[in-house]
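Atoms within each ligand, like the ligands themselves, are counted from 1 in listed order. Side chains are part of it too, since the values below use all heavy atoms of this structure and drop only hydrogens, waters and symmetry mates.
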Amino acid sequence: RDGQEAGAAAMPRRKSRQIMVGTVPVGGDAPVSVQSMTTTLTADVNATLQQIAELAASGCQIVRVACPSQDDAEALPAIARKSPIPVIADIHFQPKYVFAAIDAGCAAVRVNPGNIKKFDDKVGEIAKAATEAGVPIRIGVNAGSLDKRLLEKYGKATPEALVESALWECSLFEEHGFRDIKISVKHNDPVVMIEAYRQLAAACDYPLHLGVTEAGPAFQGTIKSSVAFGALLSQGIGDTIRVSLSAPPVEEVKVGTAILESLGLRQRGLEIISCPSCGRAQVDVYTLAEQVTAGLKDFPVPLRVAVMGCVVNGPGEAREADLGVASGNGKGQIFVKGEVIKTVPEAQIVETLIEEAMRIAEDMGIE
Ligand code: SF4
């Protein structure tokens, strides 16, 4: 851990402006955050919230959900309200969903300028609505959906083309006085992506969301993302990251977290993760999470503790947590690494978690 801290202290950091994605600061001196994206149908609120619970339990700090249809847009209020982590709505084709996402209470909205028809006409209205709601916008340029005009100008999605597209869209927002922006310029080739982000970092002070798009299956995607993020983060470029894998999104979070840990940019402490609760919840998750937080707050060991609302899915969803509880029927199933080790009456949940936390600390050689 000393090594990690030394690494973090030595790491330069590009000076970026800070935005707030819900409760998570992005940019400035905020720690680099880890994001992922759900793979469920957003319109299926329960399935989406379940996957968000799983992602949060594995350390995901911000989650993005796709919003390609009216049904998805209608699901956003419930998802935004119940998610334990800030939700970003990903809008590709229709500006009207940008307004729906802002109204729904999403923490941010991602727009892909190359894909939103008549987007330019709507920027003023979007800027106004976003400003009033305090919602930042991510301008997410993607090599695969680059503006036709720029494709013609550059012949293909070069770093220059990606950067020009992003800065052009920023300038449209800036004309309306809107600067609550973060940017991504994704490409599937890490070499192009690294160069694009370097150029972008030099050209503006907006916080940057790093990503290699279509990075591929787990092994290849992990390598591509590690190389690209490592190159950029070691130069202080990048404020939030998303590893894209053709694999369950929890794997993306694990890889993203490991990249930050290996660069000394992430130090684990006590982390309490509670599920958003859904139709299956058999307990007041929020109260239980508060009690568990109070019980473990001075615990000296980095630990991820999950508080889940039901015994059906709780342990499975939280399998990446070190320790957790899933409640139902007045009892709490205590689990370690997703395996149920015992069931105790509700009144004994907090003391049992403390005992188990101590056992884990002993195993780690910490008194
Ligand atoms: Fe998952 Fe159960 Fe919580 Fe619902 S109540 S989000 S199924 S753990």
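Taking 4.0 Å as the cut-off between side-chain N and carboxylate O, Lys337 and Asp322 count as a salt-bridged pair. Using a 4.0 Å cut-off between a side-chain N of Lys or Arg and a carboxylate O of Asp or Glu, Asp239 and Arg13 qualify as a salt bridge. Salt bridge status for Glu252 with Arg242: present, with a side-chain N to carboxylate O gap under 4.0 Å.
For residue Cys278, no N/O/S atom approaches atom 3 (Fe) of ligand 1 to within less than 2.8 Å. Among the backbone and side-chain atoms of Cys310, none of the N, O or S atoms lies under 2.8 Å from atom 4 (Fe) of ligand 1.
To the nearest 0.5 Å, atoms CH2 (Trp168) and CG (Leu150) are separated by 10.0 Å. Atoms CE and CZ, on Met193 and Arg198 in that order, are 10.5 Å from each other to the nearest 0.5 Å.
The ligand atoms of ligand 1 that sit less than 4.0 angstrom from a heavy atom of Gly314 are 8 (S). Heavy-atom contacts of Asn313 reach the following atoms of ligand 1: 7 (S) (cutoff under 4.0 Å). Distances below 4.0 Å separate heavy atoms of Ala281 from the following atoms of ligand 1: 5 (S). Less than 4.0 angstrom separates some heavy atom of Gln50 from each of these atoms of ligand 1: 1 (Fe), 7 (S).
Here the heavy atom of the protein found nearest to atom 8 (S) of ligand 1 is Glu317 OE1, 3.4 Å. Nearest non-hydrogen protein atom to atom 6 (S) of ligand 1 is Cys275 SG, 3.7 Å.
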Thr40/Thr48 under side-chain hydrogen bond (donor to acceptor under 3.5 Å, both in side chains): CA gap, chis, key distance, verdict
CA-CA 6 Å; Thr40 51; Thr48 303; 2.9 Å; yes
